[in-house]
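Report on one structure; see the data block that follows.
Labels below follow one simple rule: chain letters A, B, ... track the order of the sequence lines, proteins then strands, and each chain is numbered from 1.
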There are 2 protein chains.
Amino acid sequence: MVNKEEKQLDIPEGEFLAAREDVVKKVLEQQPADEILYDLAELFKVFGDSTRIKILYSLFETELCVYDIARLLNLSQSSVSHQLRILKTSKLVKFRREGKSVFYSLDDEHVREIISMGMEHVEE
Amino acid sequence: MVNKEEKQLDIPEGEFLAAREDVVKKVLEQQPADEILYDLAELFKVFGDSTRIKILYSLFETELCVYDIARLLNLSQSSVSHQLRILKTSKLVKFRREGKSVFYSLDDEHVREIISMGMEHVEE
DNA sequence: TATACATATGTTCATCTGTTCATATGTATA
DNA sequence: TATACATATGAACAGATGAACATATGTATA
């Protein structure tokens, strides 16, 4: 598609350049709005931390309270709480209070799907 | 440190605790190895930057050379090259040299799928 | 080989992020 | 209400990260 052989001077360089220009323009048009791409990056950023990944994975099959997550993953209560806050803000987990405990669970089927997709890539 | 709640003696706290213990154990067993979860986080970390997301998105439909990516996204050549290196290392893009130019393209169908999944979440 | 072009890489620096510690808030029960 | 437990939050600090600049490497052609 982008032809480099069109280099020798006897070939119309102008057209070649125009062709690349077209490709660039077309790609630019298909690109989603900056704001959306920014949000998308922000979303992946949330998945991009092993502590948060572990927490999310822990919630794959069952809801868990903060204390149990901390115990399970050998993390401090504070650390877990901070990370859950981030996951909550990103709408990846939801929670319900039961007595003194707060139980967290996955908020969205996408979470499972996104992680599974990533897994496939990693496991190769 | 672990059993904070075995306090009221008249209720069969032991069974309750054992039940939670079981859940925690089961979750822990289902959890993939730390190393894999770490790699998974690393993978998502790569997606977690808007520059890299833009680059990947640009490559959705066509291969592009470094210079065109830079021009397209209004980035410095250096910046693009650095980011492409990261994408290359993560096996998200591949490249081929053609004369003085290097053309990059998506290396993996997973890339498209992962980004699309993320998009669905973001676009809600 | 000398030159120009395209890309890659090393370094520096400002900023961002995750953890820890201390403390506050919320909840249940004596 | 006083106490203990469970969770949340604020502040500070160390380590990570991305951008920019300068420079090196790779390639084609005169």
Side-chain angles (χ1 to χ4, degrees), chain A residues 2-11 13 16-17 20 38 41-42 44-56 63-90 93-104, chain B residues 1-11 13 16-17 20 38 41-42 44-55 63-90 93-104:
Chain A
V2 184
N3 303 316
K4 275 292 180 155
E5 311 102 62
E6 279 183 296
K7 277 277 276 333
Q8 299 117 342
L9 300 172
D10 45 341
I11 288 175
E13 189 79 2
F16 166 63
L17 268 179
R20 286 183 58 184
Y38 182 80
E42 287 302 303
F44 285 124
K45 206 172 285 180
V46 177
F47 286 96
D49 175 78
S50 58
T51 298
R52 287 191 291 269
I53 284 282
K54 285 179 187 178
I55 292 175
L56 290 173
E63 64 175 7
L64 288 170
C65 69
V66 178
Y67 182 72
D68 280 346
I69 295 174
R71 198 157 53 112
L72 177 69
L73 302 176
N74 199 30
L75 297 166
S76 73
Q77 176 270 317
S78 176
S79 183
V80 171
S81 198
H82 275 296
Q83 300 301 354
L84 283 170
R85 189 188 188 208
I86 293 173
L87 294 171
K88 214 175 356 179
T89 304
S90 309
V93 301
K94 63 188 182 221
F95 64 98
R96 69 180 179 84
R97 194 174 254 287
E98 186 176 307
K100 284 177 286 187
S101 297
V102 177
F103 285 85
Y104 283 83
Chain B
M1 146 192 308
V2 174
N3 306 331
K4 291 275 190 161
E5 58 262 17
E6 243 170 338
K7 283 271 287 320
Q8 320 155 222
L9 304 170
D10 45 347
I11 288 176
E13 193 76 359
F16 168 62
L17 262 181
R20 286 182 60 185
Y38 182 82
E42 287 302 303
F44 285 123
K45 204 172 286 179
V46 176
F47 286 97
D49 175 78
S50 59
T51 298
R52 287 191 292 268
I53 283 282
K54 285 179 185 176
I55 292 175
E63 63 175 8
L64 288 170
C65 70
V66 177
Y67 180 72
D68 281 347
I69 295 174
R71 200 157 50 112
L72 177 67
L73 301 177
N74 200 31
L75 297 166
S76 73
Q77 177 269 318
S78 175
S79 184
V80 172
S81 198
H82 274 293
Q83 300 301 355
L84 282 171
R85 190 190 187 208
I86 293 173
L87 294 172
K88 213 176 355 179
T89 304
S90 310
V93 301
K94 62 187 182 219
F95 63 98
R96 67 180 181 85
R97 194 172 253 288
E98 187 175 305
K100 283 178 286 188
S101 298
V102 177
F103 286 84
Y104 283 83

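Checking side-chain atoms of B:R52 against main-chain N and O of B:K45 turns up a donor-acceptor pair under 3.5 Å.
B:V66 and B:Y104 make their closest contact through CG2-CE1, 3.6 Å (heavy atoms, listed as atom of the first residue, atom of the second, distance). Closest approach of A:D68 and A:R71 over heavy atoms only: OD1-NH2, 2.8 Å. In plain terms, the two heavy atoms of A:L87 and A:V46 that are nearest each other are CD2-CG1, 3.6 Å. When all heavy atoms are compared, the tightest approach of A:A41 to B:D49 is CB-C, 3.6 Å.
Pairing of C:dT20, defined by two Watson-Crick or G-U wobble distances under 3.5 Å, is identified with D:dA11. Remark: C:dT27 base-pairs with D:dA4. Criterion, Watson-Crick or G-U wobble with two distances under 3.5 Å.
The distance between atom CD1 of A:I69 and atom C1' of C:dT19, rounded to the nearest whole Å, is 17 Å. Between the CD atom of A:E98 and the P atom of C:dA28 there is a distance of 10 Å, rounded to whole Å. Look at CD1 on B:I86: it is 9 Å from P on D:dT17, rounded to the nearest Å. The interatomic distance linking A:L64 (CG) with D:dA6 (P) rounds to 15 Å, in whole Å. Atom OH of A:Y38 and atom C1' of D:dG18 are 13 Å apart (whole Å). Rounding to whole angstrom units, CZ of residue B:R96 and C1' of C:dA6 are separated by 15 Å. Computed from coordinates, the B:I53 CD1 to D:dG18 C1' distance equals 15 Å when rounded to whole Å.
Counting heavy-atom neighbours within 6.0 Å of A:F103 CZ, excluding the residue itself, gives a total above 12.
In this model, the phosphate group of C:dC21 is not approached by any side-chain N or O of A:S76 to a distance below 4.0 Å at OP1 or OP2. OP1 or OP2 of C:dG18 lies within a sub-4.0 Å distance of a side-chain N or O belonging to A:R52.
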How would you summarise protein contacts on nucleotides 7-15 of chain D per nucleotide, using B for base, S for sugar-phosphate only and - for none, with heavy-atom distances below 4.0 Å? BBBBB----

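Annotation: of the two residues near DNA chain C, A:G99 and A:Q83, the 5′-most nearest-nucleotide partner is A:Q83.
A:I86 is listed as a side-chain neighbour of A:Q83, based on a closest heavy-atom distance under 4.5 Å.
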